[in-house]
Structures are given as structure tokens and as C-alpha cells.
Amino acid sequence: MNEQNIFSQYIQKHSVFRDKRTLSSNFVPERIQHRGEEIQILGSIIAPVLKGFHSNNIFVYGTCGTGKTICTKYVLGQLVEILGTHGRDIKPIYINCKMKKIADTEYRLFAQLLREFGETVPDTGLPTDVLYRKFFEKIDSGKNEVIIVLDEIDALFRKIGDDFLYNLTRINSELKQSHIMIIGITNDLSFREALDLRVKSSLSEEEIIFKPYNAAQLKDILEERASAGFATGSVGDSVLGKCAALAAQEHGDARRALDLLRVAGEMADRLGDGIVEERHVDMAEYKIDMDRIVETVKSQPRQSQAVLHSIIKISQKTALQKQWSDRRMLTGDVFDAYAGICASVGMKPLTQRRISDLIAELDMLGIITAKVVSNGRYGRTREIRLAINDNAAQKVDAILAERFSA
DNA sequence: AGTCCACAGGAAGGGCAGGCGA
DNA sequence: TCGCCTGCCCTTCCTGTGGACT
């Protein structure tokens with residue numbers, strides 16, 4: 001091999017990792033810690049399908065990173081494993097409703113369900129009721145028990161309402177030999193309350209609530225993952241403790257804890273340090289937050305970017321004169337600045353109504369905070385502030401300035 | 001108590017791209 | 001090819017809001 005090859009150095013270098021996959025939040029381990037009770041309950045609700053009985057629908061609640069998805073996948077994995085010995089026709093389907101362009105509309109949801117059965121469905125073009133009928137015919141062509149896991153079901157509900165749930169449950173009353181069971185996963189505890197009465201009554205569901213992990217539980221989880229993921233002696237107890245403590249501050253989010261640990265390892269690797277230290281966790285925390293912001297901004301449509309650009313511009317201008325807490329602006333200010341940017345780059349401006357929606361979307365993404373306030377006779381508007389720190393704002397501004405340079 | 005402001009936000013519909021079936 | 005369907009982005013129109021001001 002050519003010693004000058006740019007990758008030869010990488011191959012020779014010692015890595016802190018043994019198996020990085022196990023440090024991914026999507027990885028389903030053989031044993032899930034601190035969720036024994038929830039797994040038991042979930043299993044006991046699903047179990048009747050093994051004997052040919054119908055199971056109730058289930059709603060799994062819990063904040064981000066509390067193990068809802070992983071436990072559900074784990075239980076279904078166990079189900080599939082035992083199916084081999086029982087030979088029943090049970091088909092679990094996992095769909096993440098937050099995945100844009102995958103299952104974020106009723107059409108796309110049914111299209112995705114049909115694809116799980118090996119059908120080819122166009123991305124658009126067919127009436128939704130045709131897909132509905134196709135799906136119906138497909139599952140009723142045999143004796144099937146279909147378990148549909150709808151992860152982040154609240155995202156789909158917010159976008160298209162609860163008709164899709166009603167339609168899914170209604171299918172059961174029409175099916176002759178098959179049955180559908182729905183497992184909805186959500187971090188919105190008020191989700192059920194928002195459902196229409198007729199949907200609630202047709203669901204006949206059970207609920208499981210996942211509580212956040214505490215720091216000690218997170219550390220247990222990290223220890224087990226680290227022993228499989230890192231080379232022996234590469235990561236110390238204090239590093240695991242720090243990742244656990246930081247994640248515990250964020251509502252006991254195990255996903256965050258794993259991300260911190262994995263990225264800290266990547267930092268150590270990149271710097272050729274051989275051992276993961278606490279300073280790598282600090283770097284990881286910064287990098288994760290920065291990457292999230294930059295990626296979010298880059299993936300926004302041009303008009304949203306122009307709105308954000310105008311918000312940063314106003315924020316920078318006021319920063320010179322005011323305290324941080326006073327760096328707020330109103331919808332009208334943002335619209336004026338946005339119109340100015342459009343004029344300078346020759347872009348057709350959208351209406352204020354549309355900009356109002358884009359501001360709300362940026363708020364949802366966590367890049368800005370936009371609070372509706374009333375200023376008395378000076379009107380009702382949104383008070384807008386940047387929700388990212390100065391470093392991130394500068395980085396985002398540099399990206400946007402390049403995009404909107406006249 | 002009534003007025004007024006500067007929007008918020010819902011509803012309806014237009015225009016577009018793209019796919020299907022007759 | 002045409003009519004009909006979809007999702008998506010957008011505009012237009014409208015009503016509602018809440019607190020300062022008169």
C-alpha cells in the first residue's frame with residue numbers, strides 16, 4: 001500500500017471505539033435497563049395475538065429519549081422471534097410519522113403501509129380512498145394480524161387531524177379474517193385529550209407512560225453501551241457521569257446521553273487522544289448543538305432563510321444598543337427587514353400572513369422564540385427573540401449572508 | 001365603556017407539478 | 001390527451017384578541 005495514501009494514517013491510528021453501532025440511539029440492545037416493568041406491560045397487552053385473540057390498541061407516552069421507541073421495537077422483536085416457533089401470520093410495521101415525505105399525510109401513510117406489503121405505490125396521483133381500499137384488500141387477502149407502530153403520532157395528528165386514526169380503526173369492523181392493532185407513540189401527554197370523541201371511542205386503547213430516566217439510570221445505560229462500544233480503558237467513569245448528568249438535566253433524555261458519549265469519542269479519535277475525557281464531552285455538547293442548528297437552517301426553504309436572516313440582522317443591530325434580554329423585535333419589524341432583503345436580492349416577497357406562519361415554524365424549530373403579546377393600543381403581535389447563542393448566530397449569519405449577498 | 005392598533009390565525013381557494021386511468 | 005386526483009405553497013379575506021388610551 002502506498003504510504004502516502006491519505007487514509008493509511010487513519011488505518012494505523014488507534015481508535016477509542018470497538019463497535020460504534022452500540023452507541024447509536026437507534027441500536028436495540030439485547031437487554032434494556034430500567035424498563036422491565038414497561039416492557040412487561042407492553043408484552044402482556046400484545047401477547048393475546050399469539051393465541052389468535054385480538055389485542056387492544058396501545059398508546060405509549062413519555063418525553064424525548066425515555067425509551068418508548070426502543071422498548072416497543074424490542075418487544076416486537078421478541079414477538080417476531082417467537083413467531084418462528086408458533087408460525088402465526090403477525091406482521092409488525094414501524095412507521096415514523098415525523099419523517100417528512102414518508103408518512104406525514106394520510107396518503108403517504110397508507111402508501112407506506114402498502115409498500116410494507118411489497119406493493120408499489122406512486123408518490124402522488126391516486127385518490128386516498130383507492131389506497132385505503134388497496135390496503136384493506138391486501139390485509140384481508142389472508143388471515144393477518146397487523147401491528148402498526150406509529151411513532152410520533154402526534155406530529156401526524158397536528159398536521160392532518162385524526163381522520164386517519166378513525167379510518168384505521170374503522171377498517172377492523174370491515175375486515176373479515178384479519179385484524180389491525182395500533183401502537184401509537186407520542187411525547188405529547190395531552191394527545192389523547194385532543195382526539196375527537198368518535199375516534200376515542202373507536203380506539204379502545206391502553207396507555208403506558210414512560211417516566212424520564214434519572215442520572216443514575218442514565219449512567220447504568222451508558223456503562224453497558226460503553227463496555228460494548230468502546231475499547232477497554234478508553235472511557236472513564238467521570239466521562240459517563242458527565243454525559244448522564246447533562247442528559248438528566250434535559251428531562252432524562254437517554255438519546256442525548258448516548259449522542260454526547262458517541263460524539264465525545266469521535267472528538268477524542270479525531271484529535272488522536274486515545275482516551276475520552278470530560279473536555280471531549282464539552283466539545284461534543286457544543287458540536288451537537290451547533291450541528292443541529294446549522295443543519296436545521298440549511299434545510300429550510302429560501303424564504304424561511306430570508307426571514308431568519310432578517311431576524312439575525314435586527315438582533316445584531318439592537319445588540320449594540322441593548323441588553324440581551326431586550327433584543328426582541330415584532331412581526332412588523334421582521335417583515336420590513338425581510339422585504340428589504342428581498343428587494344436587495346431581487347426576490348419576490350411573500351405576504352405578511354405567510355411570513356407570520358414562517359416565524360411560527362422557526363419558533364417550532366427552536367431557532368427563535370416568538371411569543372404572542374398585546375401592546376395595548378399599539379396592537380397584538382409576536383415578540384421575537386433569537387433562541388440560539390451568539391456563536392451559533394454568527395455561524396448561521398455567515399451561511400445566510402453568503403446566500404443573500406446582492 | 002368604547003375605541004383602536006397591529007397583528008394572529010382560521011378558512012377557502014388558486015396555481016403548480018406530477019401520477020393515474022379511460 | 002384529458003379529466004381527475006394528490007400534496008404543497010401561497011394569497012386573500014375575514015374575524016378575533018387584549019391591553020393602552022380616550
Side-chain angles (χ1 to χ4, degrees), chain A residues 95-115 117-138 150 152-168 194-196 296-311 314 318 328-343 345-365 367-385 387 403:
Chain A
I95 291 177
N96 187 335
C97 303
K98 219 176 183 177
M99 293 277 277
K100 280 207 165 184
K101 317 278 182 193
I102 304 273
D104 56 347
T105 64
E106 188 166 12
Y107 181 94
R108 285 173 178 162
L109 173 66
F110 278 101
Q112 191 60 25
L113 288 170
L114 275 162
R115 287 187 193 112
F117 281 94
E119 294 285 305
T120 47
V121 186
D123 290 341
T124 172
L126 292 177
T128 310
D129 62 308
V130 170
L131 291 197
Y132 177 83
R133 202 180 61 241
K134 270 189 176 182
F135 177 65
F136 177 89
E137 284 165 3
K138 190 74 199 175
L150 298 173
E152 315 237 29
I153 193 170
D154 50 302
L156 186 56
F157 167 69
R158 272 197 299 274
K159 194 163 176 211
I160 62 167
D162 51 14
D163 278 354
F164 74 99
L165 263 178
Y166 182 68
N167 287 338
L168 273 174
L195 292 175
D196 193 278
T296 308
V297 170
K298 279 185 176 171
S299 66
Q300 291 309 299
R302 193 169 155 81
Q303 297 285 2
S304 274
Q305 290 180 340
V307 173
L308 181 58
H309 192 40
S310 58
I311 292 170
I314 298 171
T318 52
R328 57 197 155 88
M329 60 207 85
L330 310 177
T331 302
D333 304 332
V334 175
F335 182 69
D336 291 344
Y338 158 81
I341 289 173
C342 287
V345 296
M347 194 165 83
K348 187 172 174 274
L350 302 177
T351 56
Q352 183 154 333
R353 173 71 187 85
R354 181 68 189 134
I355 296 306
S356 176
D357 280 345
L358 294 183
I359 288 170
E361 282 173 25
L362 288 171
D363 181 27
M364 288 256 291
L365 291 168
I367 299 171
I368 61 168
T369 59
K371 200 173 106 193
V372 177
V373 292
S374 177
N375 293 325
R377 72 168 306 160
Y378 303 107
R380 191 167 166 264
T381 178
R382 279 202 186 94
E383 225 174 59
I384 301 156
R385 280 190 186 85
R403 204 149 292 185

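Order of the sequence lines fixes the chain letters, A, B, ..., with proteins taken first and strands second; residue numbering starts at 1 for each chain. Heavy atoms only: backbone and side chains are in, while hydrogens, waters and symmetry mates are out. As the structure is a computational prediction, the values presented were derived from the model and not from experiment.
- Annotation: side chain of A/I359 is in contact with side chain of A/R382 (closest heavy-atom distance under 4.5 Å).
- Taking every heavy atom of both residues into account, A/R302 and A/R403 meet most closely at NH1-O, 3.6 Å.
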Using a 4.0 Å heavy-atom cut-off to protein, can you give one letter per nucleotide of nucleotides 15-22 of chain C, 5' to 3': B if the base is in contact, S if only the sugar-phosphate is, - if neither?
-BBBBBSS

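- A/S304 is linked by a side chain to side chain donor-acceptor pair (under 3.5 Å) to nothing, counting only residues two or more places apart in sequence or in another chain.
- Judged as a side chain to side chain donor-acceptor pair (under 3.5 Å), and not counting sequence neighbours, A/K134 has no contacts.
- Contact detail for A/I368 and A/D363: the closest heavy-atom pair is O-OD1, 3.1 Å.
- The overall bend of the helix from B/dA1-C/dT22 to B/dA22-C/dT1, read as the angle between its terminal helix axes built from five base pairs each, is 20° when rounded to 10 degrees.
- In this structure, the side chain to side chain contact (heavy atoms under 4.5 Å, CB included) partners of A/R353, at least two apart in sequence or on a different chain, are A/T351, A/S356, A/D357.
- For the contact set between residues 349-359 of chain A and DNA chain B, defined by any heavy atom under 4.0 Å, the members are A/Q352, A/R353, A/S356.
- Across the protein-nucleic acid pair, A/E383 atom CD and B/dC7 atom P stand 13 Å apart, rounded to whole Å.
- Applying a 4.0 Å cut-off to non-hydrogen atoms, the residues of residues 331-339 of chain A that approach DNA chain B are A/T331, A/G332, listed by residue number.
- Atom pair A/Q303:CD and C/dT11:C1' shows a separation of 13 Å (rounding to whole Å applied).
- For A/Y378, the side chain to side chain contact (heavy atoms under 4.5 Å, CB included) criterion is met by A/N375, not counting sequence neighbours.
- Taking the ring pair (Phe, Tyr, Trp, His ring centres under 6.0 Å) definition, one finds that A/F135 meets it with A/F110, sequence neighbours left out.
- When the side chain to side chain donor-acceptor pair (under 3.5 Å) test is applied to A/E383, the partners found at least two apart in sequence or on another chain are A/R328.
- The two residues A/K348 and A/Y338 come nearest to each other via the heavy atoms O-OH, 4.2 Å.
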In residues 329-337 of chain A, what donor-acceptor pairs under 3.5 Å come from side-chain atoms, sequence neighbours left out?
| from | atom 1 | to | atom 2 | distance (Å) |
| --- | --- | --- | --- | --- |
| A/T331 | OG1 | A/T381 | OG1 | 3.4 |
| A/D333 | OD2 | A/L330 | N | 3.0 |

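- Nearest heavy-atom pair across A/L150 and A/C97 is CB-SG, 3.9 Å.
- Judged as a side chain to side chain contact (heavy atoms under 4.5 Å, CB included), and not counting sequence neighbours, the contacts of A/K371 are A/V373.
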